[in-house]
Peer 1: 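There's a structure below that I have some questions on.
The residues of the chain are indexed from 1 along the displayed sequence.
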Amino acid sequence: MRKFIPPARAREIQYVIREIVLEAEKYEKQTGNKTIRLNIGDPCKYDFSPPQHIIEAYINALKTNKHYYGDSRGEKELREAIIKYEKKKNGISLDLEDVLVTQGAAEAVNTILAVAFDNADEILIPSPTYPPYLTAARFFGVKPLEYRCLEDENWIPDVDHIRKLISPKTKAILIINPNNPTGAVYDTKIIKEIIDIAGEHNLFVISDEIYDLMVYDGLSKAPNTASLADDVPVITLYSLSKVYLATGWRIGYMYRYDPEDALEEIWKAFTRFLMVRLSANTPSQYAAIEALLGPQNHIKDIINKLEKRRNLVYRRINQIEGLSAQKPQGTFYIFPRVDLDIDDEEFCKRLLWKTGVVVPPGYGFGTYGRQHFRIVFLPPEDILNEALDRIEKFVANIK
């Protein structure tokens, strides 16, 4: 029988955050021991759940026959709700045609990379970065160029490096704010500097803002790129997976800020591309209306819980000789540096097999992620303390 081999672009697909799960499953099968999983950014795997009024809205959507294929652009009622939500939260004025509903932010990422770029076009991506941006870009024939984020300055983008990377093939600059995996929150000064560079070179900006309200130390939210953009076109990505704790519901959206209609043709192509998959989850869309326009009390509770866990992990990591970390101002990630005679990939594999603690190595987050690993601080404090006890003992035995 003929062997069917995927093309090179498919063979090169890599998502180290998920791949470490396969290694964890192997560990559990061979040892009979449970792992402590600090690798996946899913609040619902821990002691978080969507607010009850959102769950009830989902149930009501099912009970009222919202089972059909919806509008490929997103249900009109949800797009209207998004317009109200963004106006209240970010002061952005949008029209119905400016909003597209997607199956989480991930589908928005794939749509942009599949449709907005020609083969070998370049996109500038922060590094360390969220791995699917690198993988999806390469899959669709787009060249991701990684701009450095400065660890010693709490992982803010190196604006001079962004300038140096721009070429005639560059089409867009990606901003992830707050940042996954570092937890950095960029202030308005940095955002404006990046916008100005995009304007100078006739580029558009993609702004991933899905953790915008998951911020600490008295911040109310991360800056919204579009509200600072003047005449530079911006595509903003958002999802209900994090702030609204609806990871498995697969609902998100993107909107364009495009005062000079520079993105008009691309936006039409996005719509046609989304027609191919028919529609996003219809019941989720009606629940999303309640999420965006209903009570927001749960957000304060999330922040209070996570800030304590952030403080715990930050303190304990920096007490371990051979490890160090910057203090994240947002998200639920921390990105420790490994200052030991071992690379990050080997560190994470040995940590798993010696202790049962699962963390992904930094190389999977881009060039500037090497010699680091990412910790998700979503679990309750007793679990985090147990994991950190094991990490501390493991590191002590390496030296």
Peer 1: Not counting sequence neighbours, which residues clear salt bridge (Lys or Arg N to Asp or Glu O under 4.0 Å) with R316? List them please.
Peer 2: D389, E392
Peer 1: For S207 and T225, test the side chains for any donor-to-acceptor distance below 3.5 angstrom and give the result as yes or no.
Peer 2: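 The answer is yes; a qualifying pair exists.
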Peer 1: Test of understanding: with salt bridge (Lys or Arg N to Asp or Glu O under 4.0 Å), list the residues that count as partners of E28, not counting sequence neighbours.
Peer 2: R37
Peer 1: Salt bridge (Lys or Arg N to Asp or Glu O under 4.0 Å) with K221: which residues, sequence neighbours excluded?
Peer 2: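 Listed in chain order: nothing, the list is empty.
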Peer 1: Tell me every residue that passes side-chain contact (heavy atoms from CB on, under 4.5 Å) with Y68, counting only those two or more places apart in sequence or in another chain.
Peer 2: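 For Y68 the side-chain contact (heavy atoms from CB on, under 4.5 Å) partners, ignoring immediate neighbours, are K66, E75, T282, Y286.
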Peer 1: Taking salt bridge (Lys or Arg N to Asp or Glu O under 4.0 Å) as the test, write out the residues that go with E56, two or more places apart.
Peer 2: none
Peer 1: Kindly indicate whether the side chain of Y186, heavy atoms from C-beta on, has any atom under 4.5 Å from the side chain of P157.
Peer 2: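 Of all side-chain heavy-atom pairs linking P157 with Y186, at least one is under 4.5 Å.
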Peer 1: Can you pull the side chain to side chain donor-acceptor pair (under 3.5 Å) pairs that have at least one residue in residues 340-362, sequence neighbours excluded?
Peer 2: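 Of all non-adjacent pairs touching residues 340-362, those that pass side chain to side chain donor-acceptor pair (under 3.5 Å) are E23-W353.
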Peer 1: Are the side chains of K143 and I123 in contact, using a 4.5 Å heavy-atom criterion?
Peer 2: no
Peer 1: Partners of A387 by side-chain contact (heavy atoms from CB on, under 4.5 Å), sequence neighbours excluded?
Peer 2: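 Result, side-chain contact (heavy atoms from CB on, under 4.5 Å) vs A387: I36, L38, V357.
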Peer 1: Could you note down all residue pairs passing side chain to side chain donor-acceptor pair (under 3.5 Å) where residues 96-109 supplies at least one of them, sequence neighbours left out?
Peer 2: D98-R256, Q103-E107, E107-R277
Peer 1: Checking L96 now: which residues fulfil side-chain contact (heavy atoms from CB on, under 4.5 Å) with it, not counting sequence neighbours?
Peer 2: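 Result, side-chain contact (heavy atoms from CB on, under 4.5 Å) vs L96: K76, R79, E80, I83.
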Peer 1: Is there any ring-ring contact (aromatic ring centres under 6.0 Å, His included) pair reaching into residues 250-272, and which pairs are they, with sequence neighbours excluded?
Peer 2: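 ring-ring contact (aromatic ring centres under 6.0 Å, His included) check on residues 250-272 returns Y238-Y253, W267-F270.
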Peer 1: In terms of hydrophobic clusters joined by side-chain contacts under 4.5 Å, are I289 and I251 together?
Peer 2: yes
Peer 1: Do the charged groups of K189 and E193 touch, with an N to O distance under 4.0 Å?
Peer 2: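 A salt bridge is present here (some side-chain N lies under 4.0 Å from a carboxylate O).
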Peer 1: Assess the side chains of S227 and N90: does a donor N or O sit below 3.5 Å from an acceptor N or O?
Peer 2: no
Peer 1: Output a table of donor-acceptor pairs, distance under 3.5 Å, between side-chain atoms of residues 330-340 and any protein atom two or more places apart or on a different chain; print 'none' if there are none.
Peer 2:
unit_1, atom_1, unit_2, atom_2, d
T331, OG1, Y333, N, 3.2
Y333, OH, Y211, OH, 2.7
R337, NE, E151, OE1, 3.2
R337, NH2, E151, OE1, 3.0

Peer 1: Can you name the residues that form a side-chain contact (heavy atoms from CB on, under 4.5 Å) with P51, not counting sequence neighbours?
Peer 2: H53, I54, H298
Peer 1: Do Y133 and D208 have side-chain atoms, one donor and one acceptor, less than 3.5 Å apart?
Peer 2: yes
